[in-house]
Asker: 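Quick one: the structure is below, questions incoming.
So you know, we letter chains A, B, ... as the sequences are listed, proteins then strands, and number each from 1.
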2 protein chains.
Amino acid sequence: MSVNGAHNSRYEGPKLSTSNRSPATYKDIQRLTGLSLATISKYYNGRNVLSSNREVIESAATELNYRPNAFASSLRRGVTRTVGVLLPSFQVPFHLEIVVGIEKYLRSQGIGVLLTSNEQDGTPSSVNAVELLLSRRVDGIIGVPALSDSSALDTAVSIGIPVVTVDWCPSGLDADSVTLDNVQAGKVATQHLIDHGHRTLGALVGEEGMWSLQGRLDGFLAAARAAGITIAEDHIQRAPLNVDDGYAAMMRLLAADTRPTAVFAGNYDLTVGAVAALNDSGLRLGRDVSLVGFDSVELAQVTRPKLTVYVQPVEQIATEAARIMNARLDTPDASRSRIVLELPGHLQIGASVRRLSD
Amino acid sequence: MSVNGAHNSRYEGPKLSTSNRSPATYKDIQRLTGLSLATISKYYNGRNVLSSNREVIESAATELNYRPNAFASSLRRGVTRTVGVLLPSFQVPFHLEIVVGIEKYLRSQGIGVLLTSNEQDGTPSSVNAVELLLSRRVDGIIGVPALSDSSALDTAVSIGIPVVTVDWCPSGLDADSVTLDNVQAGKVATQHLIDHGHRTLGALVGEEGMWSLQGRLDGFLAAARAAGITIAEDHIQRAPLNVDDGYAAMMRLLAADTRPTAVFAGNYDLTVGAVAALNDSGLRLGRDVSLVGFDSVELAQVTRPKLTVYVQPVEQIATEAARIMNARLDTPDASRSRIVLELPGHLQIGASVRRLSD
DNA sequence: CTGTTAGCGCGTTCAA
DNA sequence: TTGAACGCGCTAACAG
């Protein structure tokens, strides 16, 4: 059964190692040292112990291969030093960087990361992601983009544990958040197009309600307005955030009555779709149509010409989210106000934006 | 401090909700129902309870917003129903899919995923990833590609908990593994080039010792040999698995005495580098040089022409790894043999391989 | 089917 | 500074 679907499977080696003895405990150390459990506990909690005892404990511990039992400790202390990270049902490349960034920071604080995705698998036996986290008594939850189902986090908030959202914060959710400064991002990307002489601008953004994409669109519109540019209605194409719909939306843009000379794609998937659509329609990127993409750093290197993209400060977003969570755990002062952090990204210049010398 | 580096930060909202009461326990339910702790425990463990009692418990539980305390249970049972997932220090896009796939399967079994990355951060206070997992008493560890430091997993194996590696299995590690059938992958990709009439072939692969890349190279060589093709020595370029070195390696290939008409890139990063190098050198993908890439499904859509790539069965790899782990946990029969699973991927056809009519 | 009891590994009293 | 005793929340014995 577990070999089901195997193309090639072989069994080798004699046996798995069988040192299946249960892990050592304070009692075992006690047996070797004659000290009391309390003393051993104190040693492991950094309190003062006679240096002679210290040495005895240490040698016993290495001999026994002792490792503290974190959840026995949790039971006693009432905290787990574990935070849950909740991923959305769909996957975006930079989510991995965010999760790893969060884990890296938290581990340096001795905090573990329990990962769940928000996938609504049909299995009835399947455990709800947030329930799993709460049942494991995580000290807090970091919700990574982008929750179609914010109600899940609501129950976490109502429990009273700190919640931090990343990339997006559902309105009405009483949680800290760390996001890109989306308006600024939209402005910068658009201004870059304007600076190159473009005045017929198009935008690919998400559907209504997509908070982050709305911000980017607002920035786009603000930059246009400031330059005295009016945007035709059919030059703003909304689409679900995936490659196929981005492709279709770009095709609609290219088929508009007056084709925009420059386009801003507001998201990774939309960018992929946009480039593919441009290529398929026989138009040349950066010559026939200029394009500023979003987030697709590696993609940007393989298009021809290289793509100009607006890049989120992923590492920083992750670190800040983890830092805020850590601070909340250190001082669980529920009376503090919400923290709303908006970080700037930067434009990575390629050659997909042509200077329009009119 | 936590607002450090903020571009824009505001504080809003009155207070965080303050329902900070500690979670309900069996005792609370007991207080409301008059039942014994044992009965309540039986209810929550699916054993038989009078339906009248069942109802009473359920209503008390919802009133109290009761949630089982998983680690108190763990302490008693001796298992945590948590597995650790260990990521390598470097990041590859499909690792996220693997992790999410693993989590999805395991959650359906009520198993949690504790995520750590193998990053060797300099912080002296930082906790070693595997130590963190073992200290939290995970029931098993799944190591995701690709461990430069396999010794970490060694200690896990010696503890006696099941270890499954994915994508790659360090030689000498006594663990199950789920990988791509790398030899087959190399063969298929190369055969595709040969079928299109190419006989001057080049390959971009990892450095010696990279198990998976060696397999792909073996497949490459086997396919060439079977077709009676000899490969020039400087047509096999080894490089560390990152974009820049892939770029440089491809440049070396293109500068070879006789330039290969077709190239096989053995990995995602090498593929990105190869395409970038090709573009920068002014050669046309698919016309001047044919290319089969690896894993870069989305990349393949934005190159011009679209890239032909060999695609790993990521979802399946993840599921199988999780399934094997689950099986090991269900029947901890240490005497079973190692499971070595090699799964086939498939070629996703683009237009980057030209038919060479000679 | 239910209740009583004991103890998982650890941290914290309080005395000594 | 150390040790004895208790309890965190839950489950596994057993007796009823």
Asker: Does any N or O in the side chain of A:Arg31 come within less than 3.5 Å of the main-chain N or O of A:Tyr26, such that one atom is a donor and the other an acceptor?
Answerer: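 No; judged by distance alone, with no hydrogens or angles, the pair does not exist.
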Asker: Using the C1' atoms of the five pairs at each end, what is the angle between the end axes of the helix from C:dC1-D:dG16 to C:dA16-D:dT1, to 10°?
Answerer: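 End-to-end axis angle: 30°.
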Asker: Go through DNA chain D in 5' to 3' direction and return only the first and the last nucleotide with some atom under 4.0 Å of chain A's heavy atoms.
Answerer: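 For DNA chain D, the relevant span reads D:dT1 to D:dG9.
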Asker: Does any non-hydrogen side-chain atom of A:Asp139 lie less than 4.5 Å from one of A:Thr82?
Answerer: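 Not touching, per the 4.5 Å side-chain cut-off.
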Asker: I need the NZ-C1' distance between B:Lys27 and C:dT5, as an integer number of Å.
Answerer: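 My rounded result for the distance is 14 Å.
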Asker: Can you tell me if B:Ser41 uses its side chain to pair, donor with acceptor, with the backbone of B:Leu37 under 3.5 Å?
Answerer: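 The answer is no, because no donor-acceptor pair under 3.5 Å joins these two groups.
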Asker: Hey, does the side chain of A:Glu103 reach the backbone of B:Ser117 with a donor-acceptor pair shorter than 3.5 angstrom?
Answerer: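 Yes; judged by distance alone, with no hydrogens or angles, the pair exists.
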Asker: Any donor and acceptor pair, going by atom type alone, linking the side chain of B:Ser135 with main-chain N or O of A:Pro68 inside 3.5 Å?
Answerer: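 Yes, because the side chain of B:Ser135 sits within donor-acceptor range (under 3.5 Å) of the backbone of A:Pro68.
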Asker: In whole Å, what is the span from the CZ atom of B:Arg76 to the P atom of C:dT5?
Answerer: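 Whole-Å distance recorded here is 16 Å.
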Asker: Taking the side chain from A:Asn53 and the backbone from A:Leu50, do they hold a donor-acceptor pair closer than 3.5 Å?
Answerer: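 No, because the side chain of A:Asn53 does not come within donor-acceptor range (under 3.5 Å) of the backbone of A:Leu50.
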Asker: Near DNA chain D, which residues from residues 38-55 of chain A have a heavy atom under 4.0 Å away?
Answerer: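 The stretch gives A:Ala38, A:Thr39, A:Lys42, A:Asn48, A:Val49, A:Leu50, A:Asn53 as the residues lying under 4.0 Å from the strand, ordered by number.
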Asker: Find the distance A:Leu35:CG to C:dC10:C1' and express it as a whole number of Å.
Answerer: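 One finds 16 Å between C1' of C:dC10 and CG of A:Leu35, rounded.
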Asker: Does the side chain of A:Thr80 come within less than 4.5 Å of A:Arg136's, by heavy atoms?
Answerer: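 Heavy-atom side-chain distance check fails, nothing below 4.5 Å.
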Asker: OP1 or OP2 of C:dC10 versus the side-chain N and O atoms of A:Tyr66: is any pair under 4.0 Å?
Answerer: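 Answer yes for this pair, as a side-chain N or O of A:Tyr66 is under 4.0 Å from OP1 or OP2.
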Asker: When A:Ile141 is tested against each of A:Val164, A:Thr165, A:Leu153 for side-chain contact (heavy atoms from CB on, under 4.5 Å), which residue passes?
Answerer: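 It is A:Leu153; the other options fail the test.
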Asker: Rounded to whole angstroms, how far apart are CG on A:Asn69 and C1' on C:dC8?
Answerer: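 Distance check: A:Asn69 CG to C:dC8 C1' gives 9 Å.
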Asker: Is B:Ser74 reaching over with its side chain to a backbone N or O of B:Ala70, donor-acceptor style, under 3.5 angstrom?
Answerer: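 Yes; at least one donor-acceptor contact below 3.5 Å.
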Asker: More 5' along DNA chain C: B:Ser36 or B:Arg77, using each one's nearest nucleotide?
Answerer: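 Nearest nucleotide further toward 5': that of B:Ser36.
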Asker: Could you tell me whether the side chain of B:Thr62 and the main chain of B:Ser59 form a donor-acceptor pair under 3.5 Å?
Answerer: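 Present.
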Asker: Separation of B:Leu75 atom CG from C:dG9 atom C1', in whole Å?
Answerer: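 Atom-to-atom, B:Leu75 to C:dG9, this comes out as 5 Å.
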Asker: For the pair B:Asn45 (side chain) and B:Arg47 (backbone), establish whether a donor and an acceptor sit closer than 3.5 Å, ignoring hydrogens and angles.
Answerer: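 Flag not set: sc B:Asn45 to bb B:Arg47 has no pair under 3.5 Å.
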Asker: Output the rounded distance in Å from CG (A:Leu37) to C1' (C:dT12).
Answerer: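 Answer to the nearest Å: 13 Å.
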